[in-house]
Amino acid sequence: MLEKIKETTDFLESRGVKLPDAGIILGTGLGGLTRKISVEIEIDYREIKNFPVSTVDGHEGKLIYGNFGNKKIVALKGRFHYYEGYKTEEIAFPVRVLKYLGIKYLFLSNAAGGLNPDFEIGDIMIITDHINLIPNPLIGFNDNRIGPRFPDMGKAYDRELIEKATAIATRHGIKIHKGIYLATTGPTFETPAEYKHFRIIGADAVGMSTTPEVITARHMGLKCFAVSIITDLGVEGKIQFTTHESVIREAEKAEDRMTTIMTDLISSL
Ligand code: HPA
């Protein structure tokens, strides 16, 4: 595993990707943040040694290196989902590569269904904790050089980053919620009974990503910050027909607000 990671970091470093401060993984309909990056290098996933290739509409597969919020960042535009058929270790691989390129922080976004009755479509939720219902990406052989066999997940989402992001949102007059993200395999959106079930077990929002990357990142000691954009509601009486297109459309509307938070947060590192 380490050898494969090294092969990929060597390749990226040979292309000029050097010592990024932070990694960014962008969710459905949220790739527009990359317009705010002053791009130095852009590489198609297909060119990157050992990288999986992303297959969903709305998820381009590109690694972008450049300046964002006065920091050197690597953004992954297009992530890998369990429902696409990837093995969890394939989903974990790009995160491991980012760590071995030198990042200390990982920022993530996703589109999610709101379960908390206080949420509205278009709201932003800062993730404070998660419930992972996707097979854990750390199942299998553990290389102790990468991280411990039994990593603690008590503070999966960095408290200091959450506090800073809250202050940034207040300063810009951006409404935010804080809450618990539940990850399910998808690809189906939930039945009303499933939405209710996820609410009862403690979730504020539900989606199909993020937890595999956060688990992988925490295994290696990276600090994580993640936000959900609420693109539909799984609240009794408010459930509407949901499509991938409606999710993308609603996510795009929140993109500028999310980008503002991410820019200020990353420049504060
Ligand atoms: N459920 C699961 N994943 C999602 C949803 C949802 O309602 N909305 C966006 N991603």
Side-chain angles (χ1 to χ4, degrees), residues 24-33 54-60 76-86 88 91 107-137 156-157 175-215 226-259 261-262:
I24 306 178
I25 301 179
L26 298 162
T28 307
L30 297 165
L33 179 144
S54 121
T55 62
V56 199
D57 291 346
H59 293 274
E60 275 178 84
L76 299 180
K77 190 177 182 188
R79 59 147 61 97
F80 306 97
H81 301 86
Y82 188 69
Y83 62 74
E84 293 175 87
Y86 295 109
T88 53
I91 302 170
F107 296 84
L108 309 100
S109 67
N110 61 54
L115 303 172
N116 185 320
D118 295 338
F119 290 7
E120 290 171 47
I121 292 177
D123 284 354
I124 294 178
M125 181 186 91
I126 295 176
I127 302 179
T128 56
D129 202 351
H130 73 222
I131 298 171
N132 178 50
L133 299 183
I134 301 178
N136 195 298
Y157 301 85
K175 171 184 164 194
I176 48 139
H177 301 283
K178 290 180 197 165
I180 297 169
Y181 176 82
L182 182 146
T184 174
T185 64
T188 43
F189 292 114
E190 287 63 37
T191 63
E194 287 166 340
Y195 280 129
K196 193 170 180 179
H197 169 66
F198 291 157
R199 179 66 185 153
I200 289 168
I201 65 170
D204 295 290
V206 54
M208 306 175 194
S209 67
T210 305
T211 57
E213 292 108 324
V214 168
I215 290 168
V227 294
S228 290
I229 308 302
I230 306 303
T231 56
D232 53 276
L233 295 173
V235 176
E236 215 166 349
K238 294 189 183 168
I239 300 172
Q240 289 188 341
F241 189 73
T242 306
T243 63
H244 188 55
E245 291 66 34
S246 68
V247 166
I248 292 174
R249 196 171 55 241
E250 295 303 334
E252 281 172 351
K253 288 187 202 162
E255 190 156 51
D256 285 349
R257 281 175 283 137
M258 186 204 73
T259 302
I261 296 173
M262 291 288 196

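Remember, it's 1-based here, ligands and their atoms both numbered in the order they're listed.
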Is the backbone of [Y] close enough, under 3.5 Å, to the side chain of [X] for a donor and an acceptor to pair up by distance?
| X | Y | answer |
| --- | --- | --- |
| Tyr181 | Ser209 | yes |
| Arg199 | Gly234 | no |
| Glu213 | Thr210 | yes |
| Ser228 | Met125 | no |
| Thr259 | Glu255 | yes |
| Thr242 | Gln240 | yes |

For [atom], find the nearest protein heavy atom and state the residue, atom name and distance (0.1 Å precision).
| atom | value |
| --- | --- |
| atom 10 (N) of ligand 1 | Ala111 O, 3.3 Å |
| atom 8 (N) of ligand 1 | Asp232 OD1, 2.7 Å |
| atom 2 (C) of ligand 1 | Glu190 OE1, 3.3 Å |

_Are there over 12 heavy-atom neighbours, none belonging to Phe198, within less than 6.0 Å of that residue's CZ?_
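Counting other residues, nucleotides and ligands, CZ of Phe198 exceeds 12 neighbours.
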
*Output yes when Lys175 and Glu120 qualify as a salt bridge under the 4.0 Å nitrogen-oxygen rule, no when they do not.*
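Salt bridge between Lys175 and Glu120, a charged N being under 4.0 Å from a carboxylate O: yes.
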
_Backbone or side-chain N or O of Thr184 under 3.5 Å from ligand 1 N or O_ =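 The answer is no, given that Thr184 and ligand 1 share no N or O pair closer than 3.5 Å.
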
_Quick test of your reading of the structure: of Val206, Ile229, Ile230, whose heavy atom lies closest to atom 4 (C) of ligand 1?_
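Checking each option, the heavy atom nearest atom 4 (C) of ligand 1 is found in Val206.
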
*Measure the distances from the heavy atoms of Gly186 to every atom of ligand 1 and state whether one is below 4.0 angstrom.*
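Contact check Gly186 vs ligand 1: negative.
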
*Gly207 near ligand 1, heavy-atom distance under 4.0 Å?*
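So Gly207 counts as touching ligand 1.
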
What atoms of ligand 1 come closer than 4.0 angstrom to any heavy atom of [X]?
| X | answer |
| --- | --- |
| Thr231 | 8 (N), 9 (C) |
| Ala112 | 5 (C), 8 (N), 9 (C), 10 (N) |
| Met208 | 2 (C), 3 (N) |
| Gly113 | 5 (C), 6 (C), 7 (O), 8 (N), 9 (C) |

